[in-house]
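Structure first, commentary second.
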There are 2 protein chains.
Amino acid sequence: MTDKKEHIINHAVELFAEKGFEGTSIRDLATKAGVNVAMVNYYFGSKEKLFESMLALKSSYTRGVLDEIAKNKSISDIEKIELVIDSHINKLFLNRKFHRVIHQELMLSKRESLQQAIVDILYPNSLIIRGIIETGIKNGSFKKVDPPLVIATLTGTINQVLLSKKMCNKLLNKEEDYVPYEDAKFSKRVADHLKQLMRSYLLNHS
Amino acid sequence: MTDKKEHIINHAVELFAEKGFEGTSIRDLATKAGVNVAMVNYYFGSKEKLFESMLALKSSYTRGVLDEIAKNKSISDIEKIELVIDSHINKLFLNRKFHRVIHQELMLSKRESLQQAIVDILYPNSLIIRGIIETGIKNGSFKKVDPPLVIATLTGTINQVLLSKKMCNKLLNKEEDYVPYEDAKFSKRVADHLKQLMRSYLLNHS
DNA sequence: AAAAATTAATTAAACGTTTGTTTGATATCA
DNA sequence: TGATATCAAACAAACGTTTAATTAATTTTT
């Protein structure tokens, strides 16, 4: 992947996140990236292939960390969940623009092949978390919960605050121009909430 | 609102939910609704005003029920939360197409005036839930939780399962053509999960 | 009640833009 | 010299929208 291609992709993520795939024109993108309109098709072939290239480049960040947490044998199950929460929030807050883009595409049923590609990016993570939860249940350290829905709660809560600055600020009673995602206090607040929630829900006080 | 306008709006909700605002063409819509292309502009003035009309018509369902739950003095705080969960799931599952549309628009920063209108639709509901939680904390029946983030968890969990059939089915290990949103068993499953989650998190066992 | 006049609804066609994409010429570099 | 990169310009197709003519429905007048 050349510098120029990455440069275009990075601007594409910004625009796709703000205006959606259909709402972003090649001309907008070319202007913002400071290149000629023809360069996008020259490098990527088409707007849709540009999107696929973006997926391929930006989805690489997902794997790895979660796996290590799951395999770690020196920490308890609930500590694993807490580490998962921390790393997940960290990752999603940092890559929130890209995350917004794939969330959009996941909701739409145009371009269904891309939908499958996005599921393939997101699903492995949920599988790992599921493994931790089910192990905890077998161990007797966790209560008998509904693992898929616990995952929906974890990711759903983070998505809920991540996907709309306007709604998030309204919910938190913050002023309009506050950017919660760049405030370490806020990401810690979300993490603390989820950790306490999971502790009280998962742990078996027997 | 005439029958014809409502008829067009109902088809617009379907298409907007599937393909997004930019991804839906007036010609697609006219064909699907069985009317001439010119009728959309004749009745609504423009594509954007059609969207606003849709907002005005379809957002009416939101208010009312939650208010009654909050005011009810013959049930406990946790029972109020459980009723909120039931009515919320019921409402969102029934109106999931419309909910998907406003969720999309909330994520994008094109047409910011519409964003504000959507926040104004969603926010009052969260205020009522917040009131219940804060009352519970004052009563001593609830632990000292972070009310805005509890709301984010409630709505986020429901959104997470609601916004992508493909992802939802993958998470639940269901086959591709299963429609969870029309299965009463599934909505009960989500409701049970959220109720147990909230019970163990909110209740003060002192 | 019938006829005329007025308003509303519907249509096919066209309008001007914008869209993604391609071309062919020119510049840059190896 | 040959390959790669960049450019302004043009392309056809699709877009939201408007027009002008026609039909349907409603109201007014006789």
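Just so we're on the same page: letters track the sequence lines, and every chain starts at 1.
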Given [options], the nucleotide with the shortest approach to the side chain of [X]:
{"X": "B/Ile26", "options": "D/dT6, D/dG16, C/dG20", "result": "D/dG16"}
{"X": "B/Ala38", "options": "D/dT18, D/dT17, C/dT21", "result": "D/dT18"}
{"X": "A/Met39", "options": "D/dT6, D/dA9, D/dT17", "result": "D/dT6"}
{"X": "B/Ser25", "options": "C/dA8, D/dA5, D/dC15", "result": "D/dC15"}
{"X": "A/Lys47", "options": "C/dG20, D/dT17, C/dT11", "result": "C/dG20"}

Can you tell me how far [atom2] of [N] sits from [atom1] of [X], to the nearest Å?
{"X": "B/Phe51", "N": "D/dT17", "atom1": "CZ", "atom2": "P", "answer": "14 Å"}
{"X": "B/Tyr43", "N": "C/dT10", "atom1": "OH", "atom2": "P", "answer": "4 Å"}
{"X": "A/Ile8", "N": "D/dA5", "atom1": "CD1", "atom2": "P", "answer": "11 Å"}
{"X": "A/Asn41", "N": "D/dC7", "atom1": "CG", "atom2": "P", "answer": "15 Å"}
{"X": "B/Asp3", "N": "C/dA8", "atom1": "CG", "atom2": "C1'", "answer": "16 Å"}
{"X": "B/Phe44", "N": "D/dT17", "atom1": "CZ", "atom2": "P", "answer": "13 Å"}
{"X": "B/Tyr42", "N": "C/dA8", "atom1": "OH", "atom2": "P", "answer": "7 Å"}
{"X": "B/Phe16", "N": "D/dG16", "atom1": "CZ", "atom2": "P", "answer": "9 Å"}

A/Phe186 ring center near A/Tyr178 ring center (under 6.0 Å): no

Of all heavy-atom pairs linking A/Lys166 and B/Gln115, the shortest is CD-OE1, 3.7 Å

D/dT6 phosphate, OP1 or OP2, under 4.0 Å from A/Lys4 side-chain N/O: yes

Quick one: is D/dA8 close enough that its OP1 or OP2 comes under 4.0 Å of any side-chain N or O from A/Asn36? yes

Is B/Thr24 touching bases, backbone alone, or none of the nucleic acid, heavy atoms closer than 4.0 Å? sugar-phosphate

Does the distance from a Lys or Arg side-chain N to an Asp or Glu carboxylate O, for B/Glu22 and B/Arg111, drop under 4.0 Å? yes

Show the atom names and distances, to 0.1 Å, of all donor-acceptor pairs under 3.5 Å that link a side chain in residues 28-44 of chain B to residues at least two apart or in another chain.
| residue | atom | partner | partner atom | Å |
| --- | --- | --- | --- | --- |
| B/Thr31 | OG1 | B/Arg27 | O | 2.8 |
| B/Asn36 | OD1 | B/Ala38 | N | 2.9 |

So for atom CD, which belongs to A/Glu175, do other residues, nucleotides or ligands contribute more than 12 heavy atoms lying within a distance under 6.0 Å? yes

